[in-house]
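Notes for the one structure printed next.
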Amino acid sequence: MTDRAMTDRAAAVVGTPFTQAGAAAIPAQVTPASDTDLPEIAAIYAHHVLHGTGTFEEVPPSIEEMAARRAAGLDAGHTWLVARDATGVLGYGYYGPFRHRSAYRWTVEDSVYVRDDVRGQGVGKALVAALLAQAEAAGLRQMFALIGDSENIGSIGVHASLGFVRTGVLRAAGIKFGRWLDVVIMQRSLGLGDKPVE
């Protein structure tokens with residue numbers, strides 16, 4: 001696939017409406033995140049920080065901190081997306097560097113968080129699919145998902161349905177809510193994958 005074709009495909013995926021499962025056919029769309037989305041993004045993430053094990057962060061970051069994280073990602077050429085419908089932001093996702101050493105420059109890690117009242121309705125899958133298309137269009141070669149909690153079957157299932165394979169588990173990697181949590185490592189090749197880099 002040519003660079004132009006990959007860019008066109010990525011743009012099409014990001015702008016393509018989708019319908020949430022079980023949501024009375026409410027149309028939704030994945031678009032680039034904007035500054036005006038930050039309060040809703042911060043609220044979604046705060047819920048996951050305070051009530052979930054998908055993130056090991058324990059204190060919700062402020063809107064200003066979330067804005068700084070987004071700005072740093074965009075400055076590095078990475079992508080931040082939101083899924084939204086008439087009710088507002090349904091979820092958000094981004095990819096960023098897997099590690100900062102130069103050898104990892106072709107590899108990114110995704111992060112996706114969905115509003116609690118619409119979990120299991122296809123929002124996370126739409127976001128991950130759009131992130132994959134954007135990363136591939138950017139010429140990246142590998143995407144990792146480091147999924148907090150081996151009992152996080154929703155996120156594990158979404159990634160598996162989009163071609164990620166489980167490549168390992170970090171046992172008892174963190175502690176939250178008084179229990180040890182694993183990190184499930186999943187990986188998907190993008191574009192030319194592990195073919196030689198010119």
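The figures here come from the full heavy-atom set of this structure, side chains too, leaving out hydrogens, waters and symmetry mates.
- Formation of a donor-acceptor pair under 3.5 Å by the K125 side chain with backbone atoms of L162 is not found in this model.
- Remark: side-chain polar atoms of Q142 are not paired, donor with acceptor, to backbone N or O of T107 under 3.5 angstrom.
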Hey, mind stepping through F98 and L146 against side-chain contact (heavy atoms from CB on, under 4.5 Å) and telling me if it holds? CA-CA 10 Å; F98 173 65; L146 273 64; 4.0 Å; yes
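- In plain terms, the two heavy atoms of P61 and V49 that are nearest each other are CD-CG2, 4.5 Å.
- A donor and an acceptor atom, one from each side chain of H159 and D110, are located under 3.5 Å apart.
- Looking at R70, its side chain does come within 3.5 Å of a backbone N or O of A33 through a donor-acceptor pair.
- Here the side chain of R115 pairs a donor or acceptor atom with the backbone of V89 at under 3.5 angstrom.
- D182 places a side-chain N or O within 3.5 Å of a backbone atom of A172 that can act as its donor or acceptor partner.
- K176 places no side-chain N or O within 3.5 Å of a backbone atom of G54 that could act as its donor or acceptor partner.
- Between Y113 and T55, the shortest heavy-atom contact is OH-CB, 3.6 Å.
- Between Y45 and R69, the shortest heavy-atom distance links the atoms CE2-NH1, 3.9 Å.
- Screening T31, V123, L127 for a side-chain contact (heavy atoms from CB on, under 4.5 Å) involving V82 leaves a single residue, T31.
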